[in-house]
Amino acid sequence: MGDISSSNGKGNGSGNGIHGEGARKNCWYEEEIAQNLRWCYALNSVLHTGATRYQDIALLDTKPFGKALVIDGKLQSTEIDEFIYHESLVHPALLHHPSPKMIFIMGGGEGSTAREILRHRTVEKVVMCDIDEEVVDFCKSHLVANRDAFFDSRLQLVINDARAQLEKSKDQFDVIIGDLADPLEGGPCYQLYTKSFYESTVKPKLNEGGIFVTQAGPAGVFTHTEVFSCIYNTLRQVFRYVVPYSAHVPSYADTWGWVMASDCPFTLDAEEFDARIRQRIKGEGRYLDGKTFASAAILSKAVRKSLEKETQVYTEHTAKFIYGHGTCPKFQST
């Protein structure tokens with residue numbers, strides 16, 4: 001859904017901008033995030049565009065958010081605020097586990113999830129399984145912040161479909177993390193959000209007391225019913241204890257959601273959460289601490305009521321998708 005255009009800043013109401021004689025032109029990235037709603041920001045430059053066997057990819061240098069990774073026309077992360085998403089995805093699950101040693105990442109090709117996991121002193125092995133080798137190689141080359149993670153001896157990089165890799169793996173894992181692309185209609189990832197996948201593939205690969213966590217799409221007051229509430233309800237059919245939580249990610253122009261699930265209760269209070277951060281994690285986090293997570297797990301009244309009433313279970317035949325078709329038009333600067 002992403003597009004790039006140039007404008008002199010005098011909008012014509014169409015979202016594409018117009019050109020003026022002798023005016024200084026700005027290049028803009030634009031993404032349609034909902035019907036009748038588009039989000040755009042100015043670019044310094046387009047650093048790279050290309051296509052792999054599986055998806056289109058672009059690296060943009062944006063004025064408000066720094067470098068931005070765009071896959072299939074959907075923004076994945078930006079340099080300025082990706083720490084919010086990745087700290088929220090990784091640390092709650094690893095900190096709630098008593099001693100996480102073996103971790104499996106579904107997706108995570110950009111390397112940020114592995115980077116955060118490898119900050120944990122207890123971790124002995126991380127298997128990162130991404131289907132697109134070209135995206136992984138691209139991120140290795142261009143995302144400097146994650147370079148050390150890719151060369152950490154504890155990281156095992158596997159290029160494969162996550163379902164196939166989990167099914168054939170002889171290892172069991174303490175934490176399995178879903179850092180997948182959003183479920184898009186026609187895209188390859190939506191089957192990894194289904195009840196059958198969670199029940200027959202993910203759960204059997206967890207050690208006793210193991211935890212599964214997944215990114216779960218937009219979780220705002222007006223957007224959480226796209227996939228967030230359905231993913232939450234689906235995991236409730238598979239695991240005894242399920243915790244939905246959310247955080248505002250500025251570059252997404254929305255609140256984002258994650259869901260954490262286990263057959264063991266989540267009992268950490270904010271004080272113990274912080275104590276485990278001090279004991280286990282190398283370096284200083286920028287976003288998450290005990291109070292932040294406690295707050296993130298208290299959803300708004302509107303979203304809580306909606307989740308309580310959600311009845312749909314995510315299956316191959318009843319899949320829900322976020323807005324967008326998952327294709328990326330050719331980027332142009334005119």
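Only a predicted model underlies this, so the values are computations on that prediction, with no experimental measurement involved.
For the pair His224/Pro218, no side-chain contact is recorded, criterion being any heavy-atom separation below 4.5 Å from C-beta on. Using a 4.5 Å heavy-atom threshold, the side chains of Val135 and Thr52 count as touching. Val242 has its side chain within reach of Val259: a pair of non-hydrogen atoms, C-beta onward, lies under 4.5 Å apart. Residues Ile281 and Arg121 fail the side-chain proximity criterion, which asks for heavy atoms closer than 4.5 Å. Contact check for Ile322 versus Ile33: no side-chain heavy atoms found under the 4.5 Å cut-off. Within the 4.5 Å cutoff, no side-chain heavy atoms of Val313 are placed close to those of Cys230. Side chains of Phe212 and Ile177 form no contact here, defined as non-hydrogen atoms less than 4.5 Å apart. Side-chain contact between Arg38 and Glu31 is absent, with no heavy atoms from C-beta onward closer than 4.5 Å.
For Ser295 and Thr292, the side-chain atoms include no donor-acceptor pair closer than 3.5 Å. If you check the side chains of Tyr85 and Asp179, you find a donor sitting under 3.5 Å from an acceptor. Side chains of His120 and His91: a donor-acceptor N/O pair is present below 3.5 angstrom, by distance only. With no hydrogens or angles considered, a side-chain donor-acceptor pair links Lys101 and Ser99 at under 3.5 Å. For the residue pair Gln165 and Asp161, no side-chain donor N or O sits within less than 3.5 Å of a side-chain acceptor on the partner.
Residues forming a ring pair (Phe, Tyr, Trp, His ring centres under 6.0 Å) with Phe65 (at least two apart in sequence, or on another chain): Tyr41. Residues passing the side chain to side chain donor-acceptor pair (under 3.5 Å) test with Ser88: none are found, sequence neighbours excluded. Checked against side chain to side chain donor-acceptor pair (under 3.5 Å), Glu310 has the following partners two or more places apart in sequence or in another chain: Ser229. Taking Ala93 as the reference, Val175, Ile211, Val213, Met260 meet the side-chain contact (heavy atoms from CB on, under 4.5 Å) condition, with sequence neighbours excluded. For the side chain to side chain donor-acceptor pair (under 3.5 Å) test, residues two or more places apart in sequence or in another chain that qualify with Trp256 are Gln215.
With hydrogens and angles disregarded, a donor-acceptor distance shorter than 3.5 Å links the side chain of Lys205 to the backbone of Ser169. In this structure a side-chain-to-backbone donor-acceptor pair under 3.5 Å is missing from Asp182 to Gly217. Using a distance-only test at 3.5 Å, with no hydrogens or angles considered, a donor-acceptor pair links the side chain of Thr194 to the main chain of Gln191. At least one donor-acceptor pair under 3.5 Å links the side chain of Ser200 to the backbone N or O of Ser196. No side-chain donor-acceptor contact under 3.5 Å links Asp72 to the backbone of Gln55. Within the 3.5 Å criterion, the main-chain N or O of Lys67 finds a donor-acceptor partner in the side chain of Glu79. With hydrogens and angles disregarded, a donor-acceptor distance shorter than 3.5 Å links the side chain of Arg154 to the backbone of Val123. With hydrogens and angles disregarded, a donor-acceptor distance shorter than 3.5 Å links the side chain of Tyr252 to the backbone of Gln76. For the pair Thr318 (side chain) and Tyr314 (backbone), a donor-acceptor distance under 3.5 Å is absent. A side-chain donor-acceptor contact under 3.5 Å links Thr122 to the backbone of Pro100.
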Task: Chi angles and distances behind the side chain to side chain contact (heavy atoms under 4.5 Å, CB included) call for Asn44, Thr62 - done: CA-CA 6 Å; Asn44 292 311; Thr62 77; over 6 Å; no

Open item on the list: Please evaluate residues His86 and Glu110 with respect to the criterion side chain to side chain contact (heavy atoms under 4.5 Å, CB included), reporting the C-alpha separation (whole Å), side-chain torsions for both, the decisive distance (0.1 Å), and the verdict.
Closed with: CA-CA 11 Å; His86 291 103; Glu110 71 178 86; 3.6 Å; yes

Task: Criterion side chain to side chain contact (heavy atoms under 4.5 Å, CB included) on Asp130 and Val158, from CA distance to verdict - done: CA-CA 7 Å; Asp130 197 286; Val158 179; over 6 Å; no

- [ ] Go through Arg236 and Thr234 one step at a time and tell me if the side chain to side chain contact (heavy atoms under 4.5 Å, CB included) criterion holds.
- [x] CA-CA 5 Å; Arg236 288 179 66 199; Thr234 301; over 6 Å; no

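Of all heavy-atom pairs between Lys140 and Arg147, the closest is O-NE, 3.5 Å. Closest of all the heavy-atom pairs between Gly209 and Ser262 is O-OG, 4.1 Å. Shortest non-hydrogen contact noted between Tyr287 and Ala247 is OH-CB, 3.3 Å. In plain terms, the two heavy atoms of Cys129 and Asn160 that are nearest each other are SG-O, 3.2 Å. Of all the heavy atoms in Ala149 and Ala114, the pair that sits closest is CB-C, 4.3 Å. The two residues Met128 and Gly108 come nearest to each other via the heavy atoms SD-O, 3.2 Å.
Under a 4.0 Å N-O distance rule, the pair Arg119/Glu116 qualifies as a salt bridge. Checked for salt-bridge contact, Asp171 and Lys125 meet the test: a charged N lies under 4.0 Å from a carboxylate O. Ion pair Arg115/Asp152 not flagged as a salt bridge, since none of the NZ, NE, NH1 or NH2 atoms sits closer than 4.0 Å to an Asp/Glu carboxylate oxygen.
Separating the CD atom in Glu199 from the CD atom in Gln237 is a distance of 9.0 Å, to the nearest 0.5 Å. Expressed to the nearest 0.5 Å, how far CG of Leu157 lies from CZ of Phe150 amounts to 7.0 Å. In this structure, Leu75 CG and Ser251 OG are separated by 5.0 Å, a value rounded to the nearest 0.5 Å. Rounded to the nearest 0.5 angstrom, Leu94 CG and Ile103 CD1 are separated by 4.5 Å. Note that the OG1 atom of Thr78 and the CG atom of Leu60 stand 11.0 Å from one another [nearest 0.5 Å]. Rounding to the nearest 0.5 Å gives a distance of 10.5 Å between CZ of Phe197 and CD of Glu316.
Ring pair Phe293/His96: centre-to-centre distance below 6.0 Å. In summary, the aromatic rings of Phe173 and Phe104 are positioned with their centroids under 6.0 Å apart.
Hydrophobic clustering, defined by side-chain heavy atoms of Ile, Leu, Val, Met, Phe, Trp and Tyr closer than 4.5 Å, groups Phe222 together with Val221.
Around CG of Asp148, the count of heavy atoms belonging to other residues, nucleotides or ligands within 6.0 Å does not exceed 12.
Transitive grouping of hydrophobic side chains (ILVMFWY, heavy atoms separated by less than 4.5 Å) keeps Tyr245 and Ile298 in distinct clusters.
A cation-pi arrangement is present between Lys203 and Phe239, with the terminal nitrogen or guanidinium carbon under 6.0 Å from the aromatic centre and inside a 45° cone about the axis.
Using cut-offs of 30° and 60° for the angle between ring planes, the Phe321 and Tyr190 rings count as perpendicular.
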